[in-house]
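Data block below; observations after.
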Amino acid sequence: MRGLPPLDAPVEPVTALRRIAWLLERDRQSTYRVEAFRRAARAAHEVGRDELQRRAAAGTLTDIGGIGTRTAAVIAEAVAGGLPEYLRRLQDAAPASLADGGHALYARLRGDLHTHTDWSDGGAPLTEMASAAATLGLEWLAITDHSPRLTVANGLSVARLRAQLDEIDAYNDQSDSELRLLAGIEVDILDDGTLDQTTEMLDRLDIVTASVHSKLRMDAAPMTRRLVTAVSDPRCNVLGHCTGRRVGTGRGARPPSTFDAREVFAACAEHGTAVEINSRPERVDPPDDLIELARDMGCLFAIDSDAHAPGQLDFTALGAHRAVQRGIEAERIVTTWPADRVIEWAAART
């Protein structure tokens with residue numbers, strides 16, 4: 001089964017700290033708790049292994065900014081050549097899969113068309129998201145940070161998106177990993193259905209995932225027009241979390257937007273726009289009946305994590321399970337395709 005392989009001793013301190021953060025993210029632990037390990041990993045990386053070993057021997061690891069008592073213990077056990085006890089406990093407790101089924105389809109997923117980094121509202125740099133994706137066995141990963149209008153999520157201006165594209169190009173040119181990063185965006189669908197980024201920048205991207213983040217309670221008729229306009233745009237490749245609902249989350253449940261799903265999915269099928277099966281546990285979006293409707297209307301699908309941190313990339317196991325339950329064939333799921341085919345499909349829309 002594809003997934004996050006457990007680490008064995010010996011393990012580098014930075015690797016151990018990052019893996020702990022990933023496992024906590026996968027388990028949906030508090031951001032504060034995760035950030036403690038991510039901050040310690042950054043500090044440990046800056047200091048270097050030799051200095052960590054010297055300070056571990058002297059008992060002064062906590063004198064380094066960003067390293068506390070628990071993270072110091074992890075570092076000390078790692079530099080001593082062992083598997084840190086806290087990491088061992090997390091690995092032992094972690095389920096092999098987040099889902100009860102859909103394992104064969106999950107193993108066929110090659111990429112993800114909806115992920116976020118610390119360029120917008122994600123919790124980790126682009127390189128760490130790429131590292132986690134490679135560790136999980138993915139072949140490609142689309143980086144889709146938010147667009148300018150979503151200021152609460154630090155959406156990317158034209159200038160910042162250009163800078164991110166340079167970083168993606170540098171990763172693909174210089175990384176030893178076989179993972180390929182695709183340049184993308186989660187672009188806001190504006191009130192009239194237009195996309196929240198310049199045509200020039202959208203044309204430079206490999207992938208455009210379009211989602212509604214505002215006025216989710218818009219009346220059904222204008223919301224239908226809004227979504228149909230967006231998915232009919234030749235630059236739109238994926239319709240993200242189409243109802244915008246939230247279920248069973250501490251942030252409070254949110255009802256789904258109302259729209260004529262038959263009309264929206266007919267436009268998706270006509271224009272080759274994939275309907276996202278958003279795998280975040282608090283979204284479960286679209287609902288089952290809408291997945292079945294999109295299936296029956298001939299739509300393509302994308303099983304995406306909507307990951308805002310490396311450990312959340314594994315959420316796609318939940319989406320794969322739902323796709324199997326609703327009878328979606330793997331060939332209709334674009335995230336099972338190789339990167340070149342995905343890029344050709346996306347380019348054919350323009």
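Everything quoted here is computed from the prediction, not taken from an experiment. Scope of the values below: all heavy atoms of this structure, side chains included, with no hydrogens, waters or symmetry mates.
- Using modelled atom types, one side-chain atom of T135 and one backbone atom of S131 make a donor-acceptor pair closer than 3.5 Å.
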Where do N278 and D306 land on the side chain to side chain donor-acceptor pair (under 3.5 Å) test, with the steps shown first? CA-CA 7 Å; N278 189 289; D306 195 355; 3.1 Å; yes
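- Side chain of E186 to backbone of T209: no donor-acceptor contact under 3.5 angstrom is found.
- With hydrogens and angles ignored, the 3.5 Å screen pairs a side-chain donor or acceptor of Q91 with a backbone N or O of L7.
- The ring pair (Phe, Tyr, Trp, His ring centres under 6.0 Å) analysis of residues 272-299, with sequence neighbours excluded, yields no pairs.
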If you look only at distance, which donor and acceptor atoms sit under 3.5 Å apart when one is on a side chain in residues 59-78 and the other is two or more places apart or in another chain?
unit_1 : atom_1 : unit_2 : atom_2 : d
T71    : OG1    : G68    : N      : 2.8
T71    : OG1    : G68    : O      : 3.2
E77    : OE1    : E85    : N      : 2.9

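- In this structure, D191 pairs ionically with R149, as a charged nitrogen and a carboxylate oxygen lie closer than 4.0 Å.
- In this structure, R341 places its CZ atom where more than 12 heavy-atom neighbours from other residues, nucleotides or ligands lie under 6.0 Å away.
- The backbone N or O of L182 sits nowhere less than 3.5 Å from a side-chain atom of D206 that would complete a donor-acceptor pair.
- From E329, atom CD reaches atom OG1 of T336 across 11.0 Å, with rounding to the nearest 0.5 Å.
- Taken to the nearest 0.5 Å, the CG atom of L138 stands 9.0 Å off from the CG atom of D314.
- For T316, the side-chain contact (heavy atoms from CB on, under 4.5 Å) partners at least two apart in sequence or on another chain are R2, Y106, L109, D112, S279, I303, S305.
- Surrounding CG of D288 are more than 12 heavy atoms belonging to other residues, nucleotides or ligands, all under 6.0 Å away.
- For the ring pair (Phe, Tyr, Trp, His ring centres under 6.0 Å) test, no residue two or more places apart in sequence or in another chain qualifies with H321.
- Applying the side-chain contact (heavy atoms from CB on, under 4.5 Å) criterion to A132, with sequence neighbours excluded, gives W22, P310, L313.
- The side-chain contact (heavy atoms from CB on, under 4.5 Å) search around A261 returns F259, F265, L290, L293, not counting sequence neighbours.
- In this view, R180 and D340 satisfy the side-chain hydrogen bond (donor to acceptor under 3.5 Å, both in side chains) rule, not counting sequence neighbours.
- With hydrogens and angles left out, the side-chain atoms of R280 and Q312 include a donor and acceptor closer than 3.5 Å.
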Would you tabulate the side-chain donor-acceptor contacts of residues 161-169 under 3.5 Å, counting partners in other chains and residues two or more places apart, or write 'none'?
unit_1 : atom_1 : unit_2 : atom_2 : d
R162   : NH2    : E200   : OE1    : 3.4
R162   : NH2    : E200   : OE2    : 3.3
Q164   : NE2    : D145   : OD2    : 2.7
E167   : OE1    : W119   : NE1    : 2.9

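- R110 contributes no side-chain N or O that, together with a main-chain N or O of W337, makes up a donor-acceptor pair within less than 3.5 Å.
- Applying the side-chain contact (heavy atoms from CB on, under 4.5 Å) rule to V324 yields the partners L105; only residues at least two apart in sequence or on another chain are considered.
- Without hydrogens or angle criteria, S147 side chain to D188 main chain gives a donor-acceptor distance under 3.5 Å.
- The ring pair (Phe, Tyr, Trp, His ring centres under 6.0 Å) pairs that include a residue from residues 279-318 are H116-H308, where partners are two or more places apart or lie in different chains.
- Shown here are the ring pair (Phe, Tyr, Trp, His ring centres under 6.0 Å) partners of F37, two or more places apart in sequence or in another chain: Y86.
- Judged purely by atom type and a 3.5 angstrom limit, D219 has no side-chain atom pairing as donor or acceptor with the backbone of A221.
- A search for side-chain hydrogen bond (donor to acceptor under 3.5 Å, both in side chains) contacts involving E292 returns R326, not counting sequence neighbours.
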Go through it in stages, so that I can follow the logic: the residues are L227 and M223, the test is side-chain contact (heavy atoms from CB on, under 4.5 Å), and I'd like the CA-CA distance, side-chain angles, deciding distance and then a yes or no. CA-CA 6 Å; L227 293 176; M223 181 63 86; 4.3 Å; yes
